[in-house]
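Encoded as structure tokens, the structure appears first; notes follow it.
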Amino acid sequence: MHRRRRRRGPPTPGPPATRNRRSPPRRPARATRDGRPERRVSTDALQREIARALAALGAPEGTSIVLERPRDPGFGDWTTNVAMTLAKPLGRKPRDIATELVGTLDLVAAGVARAEIAGPGFVNFRLDPGAQAAGITQVVNAPGTFGTGNAGAGRQVNVEFVSANPTGPLHAGHGRQAALGDAIATLLEWTGWRVSREFYYNDGGGQIENLARSVWARLAQQMGIDATIPEGGYNGEYINEIAAAILADRGSELVRSTIEEGARAIAAGQRPHEAGLLDRLRVEAVRALRREQDLDMQAFGVRFDTYFLESSLYRDGQVDRTVAALRKAGHTFEQDGALFLRTTDFGDDKDRVMRKSGLKGGEYTYFVPDVAYHVTKWERGFTRAINVQGADHHSTVTRVRAGLQALEMGIPKGYPDFVLHQMVTVMKGGEEVKISKRSGSYVTVRDLIEWVGRDAVRYFFLMRKGDSQLVFDVDLARQQNEENPVYYIQMAHARMCGIFRVGEVDREQLRATGADVLALVEPEEQLLVKAILDFPALVAGAAEALEPHRIANWLLETARLAHTWYHKHHVLGEPEPVMRARLVLARAAQVALRNGLAILGISAPERM
RNA sequence: GCGCGAGUAGCUCAGCUGGAUAGAGCGUCGGCCUCCGGAGCCGAAGGUCGUGGGUUCGAAUCCCGCCUCGCGCACCA
């Protein structure tokens, strides 16, 4: 799919803004692996009581008690495997330990209705249905913060993504990266990190040179002069458009004569000596393409806090400083006229060239500014940095990290984090849309947005984990029915809103107490309640793993439960306590769906 | 050849960092329904989790070998 992409972005920094900051709910001392803020009250009590009972049983100090949701709801609301993990240390059978544990437990103090032993030694706990539902009152009472956490504790993190070369429009692969990077950034914001979204722009190097020469050739052709796109150049129609724009603007005789000379030089495989004109074309072309890419990202609803230019690294001496530091640290050597970095000292399988030999032009290779760039991230105070890239660039991972280690400036070994995603295939009209590198034709982000809309593009790029190759089914994405997962989820949200609209109840003003939801006893209601209450832990887990697809899956499942509930039970017109309880549930479901969609950058319409 | 990723139901994919009888959607088969807002709902069939070992109370999940597919392996970015 995407070939020579990646490598980063346009200008105008802005204040290192943070968005979507939410007040940080605290997390339990160490309840479950991921903490379940909304259930904290009940699990903390349960946790404490189990710890007390285990101590009485003679369990070793510091035995970790893991409370989990059983996969099968038939097993109860919470389960623990301590009896099995203690089997070895205590030298007893898991079920015997479990039996004694249950006998010692004070169920009332633990806040559970029932405890039972099952399978090889699980202890399952069932909460009172009313107590279970009580959790959702917190959702309606504090809808804005539902799902937020504070694992980040206000620390700074830099998320770099898209970072396309300014050599062409953004294609489907960039779209996946934009959706992924933006969602990861939002996930981190929701869990208490101060996030800066960054786009690194490779506005130097050989690719840009090829771009300038390609524009030159098209310009010449448009003026009726014989010229060909150079080897490694760009053939896309957009080059013609850029050339046409330049021509319309400055097609003077002077320009014409210089172009003629330049075209002859290029044809002879030489660099045109009218470097001034080539430089101008480069500037024009880069500016035009950056503007296009900006418009694409804007249409996609992605905003960056910082656009970082590779050229600035040269201009302000960061590249030279980095090279000097690497030499000083003693990990460089010269060979065959080139300067090498001994990256093999840091896990690379081969030493890498930093500065090309004179024969090859004597310039720095891309990886030097890359290292210099990451040094600036560190120096700008980002103790954590995440790079979202296509898997076709995974070879840079070791290289950049090795370069940072070689500097011996205290940057951690795994810095930065990398999130790599696999390729994208676009299906349309039942067949794969082939890309042609030669002709420069491929599916752009803008094409996709025009075909199916921003929301669907986002969802389809986020519904699979990054490790999997992704098939983007345009025909499915544009459907306006339940087969389309985006439509299905948004419809669930709209339905919840519809209840309030028809009932003429202001859902924003709705507040609840535990007593209000005691009537939520139907199985469909219990399932929906559970799914909603799982949301905060889900967000925490997805943020930690940097896996937004978990949110997408949860949304689909929760939407399903909401539809099921909606079809089976009525809200309006029911007796007062039931209607009241169901309104609370409808509101909680609406809030949970809305917040989940917000993390993925997808709108939550009130009606469809 | 080396590195990374993937291999789970007919198809597309989940599987929450080692748990109980491996799940969902679509498709197939059988039945029900027409209700705040739109054909939705219930059930069934369908699996040697690529494969062979190992680790342990317990493996789709962790380790090793092999097979298949994708991506990468530049003095390109």
Does the base of B:A77 carry an N or O that pairs as donor and acceptor with the side chain of A:H393 under 3.5 Å?
-> yes
Short side-chain N/O contact from A:S395 to OP1 or OP2 of B:C2, under 4.0 Å = no
Output yes when a side-chain donor or acceptor of A:D475 lies under 3.5 Å from a complementary backbone atom of A:G429, and no otherwise.
-> yes
Roughly how far apart are A:I208 CD1 and A:T167 OG1, rounded to 0.5 Å?
-> 6.0 Å
Checking N1-N3 plus N6-O4 or O6-N4 for Watson-Crick, or N1-O2 and O6-N3 for wobble, each under 3.5 Å, the partner of B:C35 is none
A:F122 on top of B:A20's base, within under 5.5 Å and under 30°?
-> yes
Less than 3.5 Å between a donor and an acceptor, one on the side chain of A:T396 and one on the base of B:A77, is that the case here?
-> no
From the options B:G37, B:G40, B:A14, select the nucleotide whose nearest atom is closest to the side chain of A:V502.
-> B:G37
Considering only side-chain heavy atoms of A:R464, which listed nucleotide, B:G3, B:G40, B:C13, is closest?
-> B:C13
State whether the number of non-hydrogen atoms from other residues, nucleotides or ligands found under 6.0 Å of A:R501 atom CZ is greater than 12.
-> yes
Does B:G15 have OP1 or OP2 sitting under 4.0 Å from an N or O in the side chain of A:K465?
-> yes
Polar pair under 3.5 Å, donor/acceptor by atom type, side chain A:N124, base B:A20 = yes
Neighbour count above 12 (heavy atom, 6.0 Å) for A:Q335 CD | yes
Map A:Q480 and A:G337 onto RNA chain B by nearest heavy atom, then report which one ends up closer to the 5' terminus.
-> A:Q480
Measure distances between side-chain N and O atoms of A:T365 and base N and O atoms of B:C75, and say whether any donor-acceptor pair falls under 3.5 Å.
-> no
For A:H549 and B:G15, is the shortest distance between a side-chain N/O and OP1 or OP2 below 4.0 Å?
-> yes
Position toward the 5' end of RNA chain B (nearest nucleotide), A:A494 or A:V471 | A:V471
